[in-house]
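The following block contains the structure, expressed as structure tokens.
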Amino acid sequence: IAGAAQNGLIVAPVSGTQTGITVTGSTVRGSGLQGIRLVGVVSGSVTSNTSEANTQEGIGLDACVGLVISGNSLKSNLRDGLRTTNASTKLVITGNVAASNTAHGFNIAEIADSILINNVATLNVGRGIQGGGAEGTNQISFNKCSSNTIEQIGTLAATTVLCGNDTGTGTGQLGASSIVGGYGVTSGVQIKATTGVGNSASVIDMLVGSNGATNAMRILNSGFVGIN
């Protein structure tokens, strides 16, 4: 789909909501508004699409619930790579690349109870991940944000869980009081010391006390656990 005067590809029910939508394998370029726009969609997926060089966002989600947004390439759009509006909830946004957009990579200022995990945001003129500071509780984990002009990760709600995001410092980061594995009955949590070949220095430390001054527990590369 190239050069559409308005939105390149839009899913929007005339009234109520739409369920079970799948948008996959599409290429959308040069639209006058958003490349891919979903309004009032409850459940479904947007996967493996390319949305680039659109006048507004690569993907826009408006009042959507329970969508999986994965494996999309969102590049060189004149606004955000992806933007959520009007209280979208329970989204899983994973494995997407947002690069060289004129605004932010992922603008999630209006979502709640959602997961943003394993995405890449790079070379965007704004922020890699942008929040409004008042969005609902979300988990933002293991995303790679680098070379974005204003900031790698912007201000987020105090209830947001931040874990393991790579902002170009060479270290992961955790910025909340809890780590949530997910929202389903079969969800779980994995803590990984390194993605490389581990050695004796690949440990997981549990630090307590004043600014983590006391090492309460260490998990060694061998699997043994030492408790102070």
Side-chain angles (χ1 to χ4, degrees), residues 47 68-74 81-82 90-99 104-108 111-124 126-131 133 135-228:
T47 61
V68 176
I69 313 297
S70 66
N72 300 287
S73 177
L74 311 170
L82 179 145
K90 295 181 172 62
L91 308 178
V92 177
I93 302 170
T94 181
N96 304 282
V97 176
H104 309 299
F106 298 92
N107 188 338
I108 57 167
I111 64 172
D113 299 327
S114 297
I115 297 173
L116 188 75
I117 187 169
N118 288 331
N119 300 282
V120 174
T122 186
L123 298 171
N124 298 289
R127 295 176 174 87
I129 298 174
Q130 165 72 355
E135 66 277 2
T137 299
N138 301 293
Q139 178 179 327
I140 300 176
S141 302
F142 306 109
N143 301 285
K144 184 173 182 179
C145 300
S146 64
S147 302
N148 300 289
T149 302
I150 295 179
E151 196 173 10
Q152 305 315 311
I153 299 178
T155 300
L156 300 166
T159 55
T160 294
V161 176
L162 288 169
C163 180
N165 297 292
D166 183 351
T167 57
T169 62
T171 60
Q173 132 289 0
L174 175 64
S177 58
S178 62
I179 301 174
V180 179
Y183 300 101
V185 295
T186 60
S187 298
V189 174
Q190 291 184 340
I191 301 175
K192 185 185 299 185
T194 178
T195 59
V197 178
N199 57 29
S200 59
S202 303
V203 300
I204 297 174
D205 289 326
M206 303 296 181
L207 306 181
V208 297
S210 178
N211 195 27
T214 301
N215 192 341
M217 184 175 75
R218 169 168 286 189
I219 304 173
L220 303 178
N221 184 56
S222 62
F224 290 109
V225 178
I227 299 176
N228 190 357

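What you see is a predicted model, and the numbers here were worked out from it, not measured in a lab. Along the sequence shown, the residues carry numbers beginning at 1.
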**Asked** How many angstroms lie between atom CD1 of Ile69 and atom CD1 of Ile115, to the nearest 0.5 angstrom?
**Response** 13.0 Å

Donor-acceptor list for residues 221-228 side chains, cut-off 3.5 Å, not counting sequence neighbours:
| residue | atom | partner | partner atom | Å |
| --- | --- | --- | --- | --- |
| Ser222 | OG | Phe224 | N | 3.4 |
| Asn228 | ND2 | Asn215 | O | 3.4 |

**Message:** Tell me every residue that passes side chain to side chain contact (heavy atoms under 4.5 Å, CB included) with Ile204, counting only those two or more places apart in sequence or in another chain.
**Reply:** Ile191, Ala193, Met206, Ile219

**Request:** List in chain and number order the residues that pass side-chain hydrogen bond (donor to acceptor under 3.5 Å, both in side chains) with Thr94, two or more places apart in sequence or in another chain; answer none if no residue qualifies.
**Result:** none

**Prompt:** Has the side chain of Ser114 got a donor or acceptor atom that lies under 3.5 Å from a matching backbone atom of Lys90?
**Reply:** yes

**Prompt:** Considering only heavy atoms from C-beta outward, does the side chain of Leu82 approach that of Asn96 to under 4.5 Å?
**Reply:** no

**Asked** When rounded to the nearest 0.5 angstrom, what distance separates CZ in Phe106 from CG in Asn119?
**Response** 4.0 Å

**Item:** Considering all heavy atoms, the nearest Gly198-Ser202 contact
**Value:** CA-OG, 3.4 Å

**Shortest non-hydrogen contact between Gly81 and Ala98, atoms and distance** = CA-CB, 4.5 Å

**Message:** I'd like to check the side chain to side chain contact (heavy atoms under 4.5 Å, CB included) partners of Ser146; sequence neighbours left out, ordered by chain and number.
**Reply:** Thr122

**Message:** I'd like to know if the side chain of Asn138 and the backbone of Gly136 have a donor-acceptor N/O pair within less than 3.5 Å.
**Reply:** yes

**Asked** Would you say Asn118's side chain and Asn143's backbone share a donor-acceptor pair under 3.5 angstrom?
**Response** no

**Prompt:** Taking the side chain as C-beta and beyond, is there a heavy-atom pair between Cys145 and Ile129 under 4.5 Å?
**Reply:** yes

**Item:** Pairs flagged by salt bridge (charged side-chain N to carboxylate O under 4.0 Å, His left out) wherever residues 213-228 is involved - sequence neighbours left out
**Value:** Asp205-Arg218

**Asked** What are the two closest non-hydrogen atoms of Leu156 and Ile140, and how far apart are they?
**Response** CD1-CD1, 3.7 Å

**Request:** To the nearest 0.5 angstrom, please state how far the CD1 atom of Ile153 sits from the OG1 atom of Thr155.
**Result:** 11.0 Å

**Request:** Using side-chain hydrogen bond (donor to acceptor under 3.5 Å, both in side chains) as the criterion, list what pairs up with Asn107, not counting sequence neighbours.
**Result:** Asp80

**Prompt:** Can you check whether His104 reaches Asn124 side chain to side chain, under 4.5 Å on heavy atoms?
**Reply:** no

**Prompt:** Can you tell me how far the CD1 atom of Ile150 sits from the CD atom of Gln130, to the nearest 0.5 Å?
**Reply:** 8.0 Å

